[in-house]
Each structure stands twice: as structure tokens, then as C-alpha cells.
Asker: 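Below is one structure. I have some questions about it.
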Amino acid sequence: MVAFALRRYRAVLIVAAVLAVLAGLAGTTLFDKLQGGGYFDPSSQSTAAADALRDHFGQGTPNLVLLVDTGKLVDDPESVRAAAALVQRLQAEADVTGVMSYWTSGHLPALRDKSGRQGLVVATILGDEMGIDHRIAELAPQFAGTHDGIEVRVGGYAMMMHETVQQGQRDVVAGEAVAFPLTLIALLVVFGTVVGAALPLITGTVTTMLTVGVLWLLAEFTELSSTATNVASLLGLGLAIDYSLLIVSRYREELGTAPDPRTALIATMTSAGRTVAFSALTVAVALSSMLMFPLLAVRSIGYAGIAVALTAAVVSLTVLPAILLVAGDRIDRFRVFRKRQSATTSRELDEGFWHRLATMVMRRPIPVATVTVLLLLALGLPFLRFHPGFPDYRSMPGGSSSRQVAETVQRDFDAAELSGLFVVLPDSKTGLTDYATALSLLDDVARVDTATGSYTRGALVIPPTAEHHRFETDTAAYLSVIPTAADPGTVDAVIRAVRATPSPSRALVGGVDAANLDAIHALTTRVPLALAYVLIAMAVLLFLLTGSVLVPVLALILSALSLTATFGALVWIFQEGRLSGLLGFTVTGDLSAVVPVMLFAVAFGLAMDYQVFLLARIREEYENTGDATASVAIGLERIGRIVTAAAILISIVFLGFLASDITFMKAFGIGLPLAVLADATLVRGFLLPAALRLGGRWTWWAPRPLRRLHDRFGLRESSAPPAEVAVVS
């Protein structure tokens, strides 16, 4: 790949430019292909319940709410006439069913607010998540606003998911607007020249555009959640800058000894280029663990992460060398800051900051390692209080229509009546009365509505009416279970109790809250499998890199430790509400269950990314010197500044997540920089040299069969140039 890029560098640049433009044009329609949801487990009981409710009754969980403000009393004749006309319009819309309102459904008290001036229209948009999203995009503009003197606002789960997609599109633009100028300033500080600083940004821009094109193609063949674009955009920019930084820095180093720029570039791609390819593979493998989870939002992160890592590597190994070949020794043109000399001589290496730090740590490895581990574990203690939840209206910006409607319903209406908890018996309707009676006796259950009437505490309180006919068909039945309160703790307890109650036939419990509970269960039960996959895969890859049995184990432990402080900070900040005023989010008392899962994959992949950078260079020095202690200090001195700069740069990029108005995306903007910086400072600066010093020469040991395996298939970092590459245009 690299040899081809050097031979046909002009063609590579032209093709890359054309593909980037085409991908960018395709990306303008990407959000039309994305879903705003993806937080349900398709194999769960709640999903089966929703399918049965649709198939047997042509109904679904209410996902559309119209909040009607009459400006008068809801029973005023003019209000009744205007509201009834609004309901009639909604009932006539395709794919809309189960329309209920205060004015047309028996004046149900739950559909009128406490002041008597507002009422609700509740309905269900049928279809898959993509179809629902397209339908709400058509319905919302038609029904929002003023109609015959009444003011209508659109809310409900469908509206929240639609606004999530729209917000995600704005967040991508805002995140990049924050990341690009800050990254450019940081790159100018690192390289000191305009040309040197521009190269990583060019590579990052091309990578981001091509990744959007890859996602556009993926969306043609599989479902994708809108969360994929946020992660792909900033992660692509960050990885491309990291890889470019490594390659450009090594190229500048090689220029000092090579007879000409082309020889320096070939030597660079032989050494740093291999490290980049291997590093991208580790990131892709770590993020592929997300494909083991059934939730579309999580799997989409896996798809996007794999695409980002591989695209960043391909661009860094083709487009960047082609640009460097054109730039030649002009990479230091247009200097902004004083030139920083690279450490090349033995004396210069001994005097460097990273060499001195590593030497200091290796003189007292046990005390340093002990203090650092205890510090990381102490910072991670808040994670023991982790309480998983799922994003709801409170994660949306205050100006969103779905949040405004939901807040009004929670404040002014009987929200428990609108909880949407139901039980479907798809195979039989016998024994329904006794079953409904038993459910009504459960703790925290206010009422159970069935075809035979409404039951409270075992008694029939409302005889069957015309409204109750919809609860039963010739072969199936369903029940609506109303909890005493709408808070998640009460509703979750009711769901568990209903599922534990014996039923006369197969009973499926569904609703949005049941789906959230099932999604949390799906995540937690698959975490051990994903962890095992990542750990085994990383151990194998690191063995191929180092040829050691101990180093992979050590690297995995260190990378895990670097995440402890991050997870503790997430609970402390987002679940417990510290810094909520500064960061601008609403405290919910829980942390979205998808955040630790997604963040672990991304942050662990990046930690292993930097492990590869460091261990490859330390291994190279060890092979050159045979000194296990000196190789650590020299290797860290040669690569430490680059890894630190890469960590700072990618942290700046990830700060773009803070521009998002969605709470769990802000968590990425805090969690990822914390994980990267903890890994680049505490772990790489203190724990890694301490651990390698304690291991000594045994650090690089492997049994003879595994050594032969590594000799044949392993990666070696060498700056020795390969065979001459002829360069043609």
C-alpha cells in the first residue's frame, strides 16, 4: 500500500480528493438514513409484546403526544370544537392509531391538567423506527402551532427520537467548529510550523469526510443510529491526527540522518507506518466488541469505530506519505515558534524530561507503582455507586419540543396514567378476570384495565365500557397496568412484579419502561462476553507486537486501571450532579447504561493505541541495546513527547462532544479526555516504567515455541529502509 502510494503519489492525491468530495456530498443525506433510537433489545420480551400488540390489535405503545393549550377551560364549547377537529384530523392520518384525547375519550381525568386549561391527545405511530421517524417529521409541522385558537405542541417518544437525530446533526457541526481551531493552535505549538501543523489537519479532514461516505454506504445495507455520526466525526479526526503526528514526527527525525527526503520517508513508513497499521487494528478490534450488543445504538458505535480506525490508517498510509513526498524538506516552512531540536545523541537523550522521569521512577518502582495504583483506585470509588438508567426527555436540550411537553405532563398531569405499561396474552384470553385481579393486588399498582373492566385492589371499580372493547380479540387479550407513580423506581418494581405473577397463558410485558429495563439487562449480561473477547484479542495482538508473554498482560492491566478514574468521574459528575450547572445538564440520579459500555470500547481502544506507540519504540530500543532498563528510558524519551502531544490533541478533539446539548454525549466529552490524559500521564509516566523495571529482562520473555511464532508473524519496528522504491507521477 505504502509503496504504491509513493510510486503513484499524484494519482493517490487526486483520487483521495475526488473521493473526499463525493463522500462529503453523500454525507449531506446521511442523516436521512439514520435512526434516532436504537436503545431497544430486539430479542427482548418487551419487543415481543410490542409486536404482539401490533399484530393482534393494530396498536402500539403511545409514542405521540399533542399538548393542547386552549387558553380557556378545556370544556369551553369553542375549545371542545377546535380540539375535536384536531383529533379528527389526526385520526385520518395514515399509520396513526389508538388516538385518545380528553375531548373524545370520555373526559378521562388523566388527559386534563390540574388547571383545566390544557388537555392531551395521545396516539401511536405504527412502523419501524425509521418509518416512525419519517412520519413524525411529516406530522409535527402540520400539528404544531395555533389551530382555531388553541396552541398545540408536539411531544412523545417519537418526537424525542426525531429531535435526537436533528440535534445530532447540529452537534457534529458544533463539535467540529470547536475542535478544528483549538487543534490547529495545539499543532502549531507541537510542530512550530504552519506546514507541519497543517498536515495532520488535512489528513484528519480527509479521514472524516471519507468516514462519512463509508457510513452512508453502510446505511444502505444495515440500520444505523444517529449516535454513530457524532462518534465517527470526532474519533476520525482524533485518530487521523494521532497517526499523522507519529508519522510526521518520525519523518522529521529521519530527515536529520537520511541523505534525502525520499529515503527519510521510506524509512519512516517502514517503522512508524507499521506501528500505525498495527495500532489501527487494535482500535478496530476493541470497537468491534460493540457488535456483540443487541442495541442498535451500541452496534452503530462498533460499525462507526471500525470504519473510522481503518479509514484513518489507510489515509495515513497513503495520502499522508504522498503529501510528505510533495513537501519534501519544506515541512518546516513558515515557522511560528522556535525550532525544537530532537534528542539524538546519548547526552541529549539522558537530559530529556521523559528520560529523567523514567529513570526516577525506575529507581523506586514499588513505592511509585503503589501510590499511583491507589490514587487511580481511589478516584474510581464513585463508580461503586453506579446506577444504570436510560436517556429520557431530561437528556434533551431545554428548548426541544419533546422535553417541554414531557415536563408539562410530569408537572401538571397524572403522569402515572400515561406510563404505557401493558401486558399482552397473545395465545388465549381465558382466566383474564382472575389474572387482572391478581395484578391489581400487587404493590405500587393503582389500576388494571381489561376487556372485562377496570380493577383496583382486587375489586371491579369500572364496569366494561365501549372503551374496553379494544382490549380483546377473538383469540388474544391485553391489559393496561397503571402504577401508583411514574418515577422509574416504582415503574421498574411493577414490571418485575407483573412478570413474576403467574398468568393463565403466555404473558408479554411491554412499554417504554419495560423496554428500558430489558435493554439494561441485555447490556449487563453481555458485558462479560465483550470483555473476554477484547482481552483475548488484545493479548494476541500485543504478543505479535512485542513477542512477550508478560507485556500483553501488563498492558491490559494498566489500560484497565487508566479507566477507573474515568468511570468514577462519570458517576460523580453526571449521576450525582456535580458540575451540572457548569456543563448545563439536568441531574437524573442515574447514568445512561450505554455510556460506560461505549466509553470503555473507545477509551480502551485508544489506551491500547498508545500502548502500541510506546511498546513498539521501547521494543526497538531493547533490540538495539539489549538493556531492559535503559531501553525504557530511551524509548520513552524518543516517543513520550509524541504520545503526550497525541493525547492532548485527541483530548482537545473530544472536547467537541461538550458542544452537544444531549447529556450522554456530554459524558463522552468528559470521559474520553479524562481516560486519555490519565493513561498518558499517570499510567505511561509512572506505572509503565515502574512495571517494566520490576520485570527487567523477563518482561520480554516468551517460551521457545511462541518466540518462533513471533519471529514468523510478529511486527518489528525497524527503521532500516526496504528495497528502493521508484517514484513516478
Side-chain angles (χ1 to χ4, degrees), residues 34-54 60-61 63 128-130 132 157 160-161 164 222-228 231 286-306 383 386-392 395 419-424 488-489 491-500 506-535 567 570-571 575 588 590-602 604 664 667-668:
L34 302 178
Q35 298 183 15
Y39 298 103
F40 295 156
D41 177 6
S43 62
S44 67
Q45 182 183 144
S46 56
T47 300
D51 293 341
L53 189 64
R54 180 196 63 223
T61 304
N63 55 16
D128 57 21
E129 290 194 84
M130 182 69 74
I132 292 172
Y157 187 79
M160 186 178 80
M161 291 297 99
T164 299
T222 187
E223 296 178 327
L224 283 180
S225 170
S226 60
T227 54
V231 175
L287 287 165
S288 68
S289 65
M290 296 294 93
L291 303 182
M292 296 183 177
F293 294 91
L295 277 64
L296 177 62
V298 179
R299 291 204 322 274
S300 296
I301 298 295
Y303 291 133
I306 295 171
F383 192 66
F386 170 55
H387 182 263
F390 253 79
D392 59 16
S395 68
S419 66
L421 179 61
F422 61 88
V423 184
V424 183
V491 177
D492 289 353
V494 170
I495 294 169
R496 292 187 175 95
V498 170
R499 286 177 171 174
R506 184 168 61 108
L508 304 171
V509 181
V512 173
D513 295 290
N516 289 343
L517 197 62
D518 289 341
I520 292 174
H521 176 74
L523 287 172
T524 54
T525 55
R526 286 170 174 79
V527 162
L529 178 62
L531 278 175
Y533 163 76
V534 169
L535 294 178
F567 287 154
L570 289 176
V571 170
Q575 178 177 306
T588 61
D590 56 36
L591 181 64
S592 176
V594 300
V595 168
V597 173
M598 292 179 179
L599 192 139
F600 171 82
V602 178
F604 192 83
F664 71 89
F668 279 94

Asker: Drop me the distance from T222's OG1 to Y303's OH, to the nearest 0.5 angstrom.
Answerer: 4.0 Å
Asker: CG of D51 to OG of S46: how many Å apart, nearest 0.5 Å?
Answerer: 9.5 Å
Asker: Which atom pair, heavy atoms only, marks the closest approach of A297 to S225?
Answerer: CA-CB, 3.7 Å
Asker: Where the side chain of T164 meets the backbone of M160, is there a donor-acceptor pair that is under 3.5 Å apart?
Answerer: yes
Asker: Is the shortest heavy-atom distance from the side chain of Y39 to the side chain of L523 under 4.5 Å?
Answerer: no
Asker: Between L295 and V597, is there a side-chain heavy-atom distance shorter than 4.5 Å?
Answerer: no
Asker: Give, for atom CD of E223 and atom CG of D128, the distance between the pair rounded to the nearest 0.5 Å.
Answerer: 6.5 Å
Asker: Determine, step by step, whether F422 and L508 satisfy the side-chain contact (heavy atoms from CB on, under 4.5 Å) criterion, reporting the C-alpha distance in whole Å, the side-chain angles of both residues, the deciding distance to 0.1 Å, and the verdict.
Answerer: CA-CA 8 Å; F422 61 88; L508 304 171; over 6 Å; no
Asker: Could you tell me whether the side chain of I495 reaches within less than 4.5 Å of the side chain of L421, counting heavy atoms only?
Answerer: yes
Asker: About how many Å separate CE of M290 and CD1 of I306, when rounded to the nearest 0.5 Å?
Answerer: 10.0 Å
Asker: What are the two closest heavy atoms between I520 and A593, and how far apart are they?
Answerer: CG1-CB, 4.1 Å
Asker: Among residues two or more places apart or on two chains, list those pairs meeting side chain to side chain donor-acceptor pair (under 3.5 Å) that have a residue in residues 289-300.
Answerer: none
Asker: Between D513 (side chain only) and V491 (backbone N and O only), is there a donor and an acceptor less than 3.5 Å apart?
Answerer: no
Asker: Check the pair F600 / L531 against side-chain contact (heavy atoms from CB on, under 4.5 Å), numbers first and verdict last.
Answerer: CA-CA 10 Å; F600 171 82; L531 278 175; 3.4 Å; yes
Asker: How about P488 and F390: do any of their side-chain heavy atoms sit closer than 4.5 Å?
Answerer: no
Asker: So which atom in R526 and which in S43 form the shortest heavy-atom distance, rounded to 0.1 Å?
Answerer: NH2-OG, 4.4 Å
Asker: Flag the pair N516 / F40 as yes when at least one side-chain heavy-atom distance between them is below 4.5 Å, and no otherwise.
Answerer: yes
Asker: Any chance you could measure D41, atom CG, to T525, atom OG1, to the nearest 0.5 Å?
Answerer: 8.0 Å
Asker: Measure the spacing between CZ of R499 and CG of L517 and express it to the nearest 0.5 Å.
Answerer: 6.0 Å
Asker: Looking only at heavy atoms, which two atoms of T47 and P42 are closest? And how far apart?
Answerer: CG2-O, 3.4 Å
Asker: Can you see which heavy atom on V424 is nearest to which on A52, and at what distance?
Answerer: CG1-CB, 3.7 Å
Asker: Check V595 against A667 and note the closest heavy-atom contact, atom names and distance.
Answerer: CG1-CB, 3.9 Å
Asker: Please name all residues satisfying side chain to side chain donor-acceptor pair (under 3.5 Å) with S592, sequence neighbours left out, ordered by chain then number.
Answerer: none
Asker: Should P596 and L591 count as side-chain neighbours, where that means a heavy-atom distance under 4.5 Å?
Answerer: yes
Asker: Can you tell if the side chain of Q575 reaches within under 4.5 Å of the side chain of L570, non-hydrogen atoms only?
Answerer: no
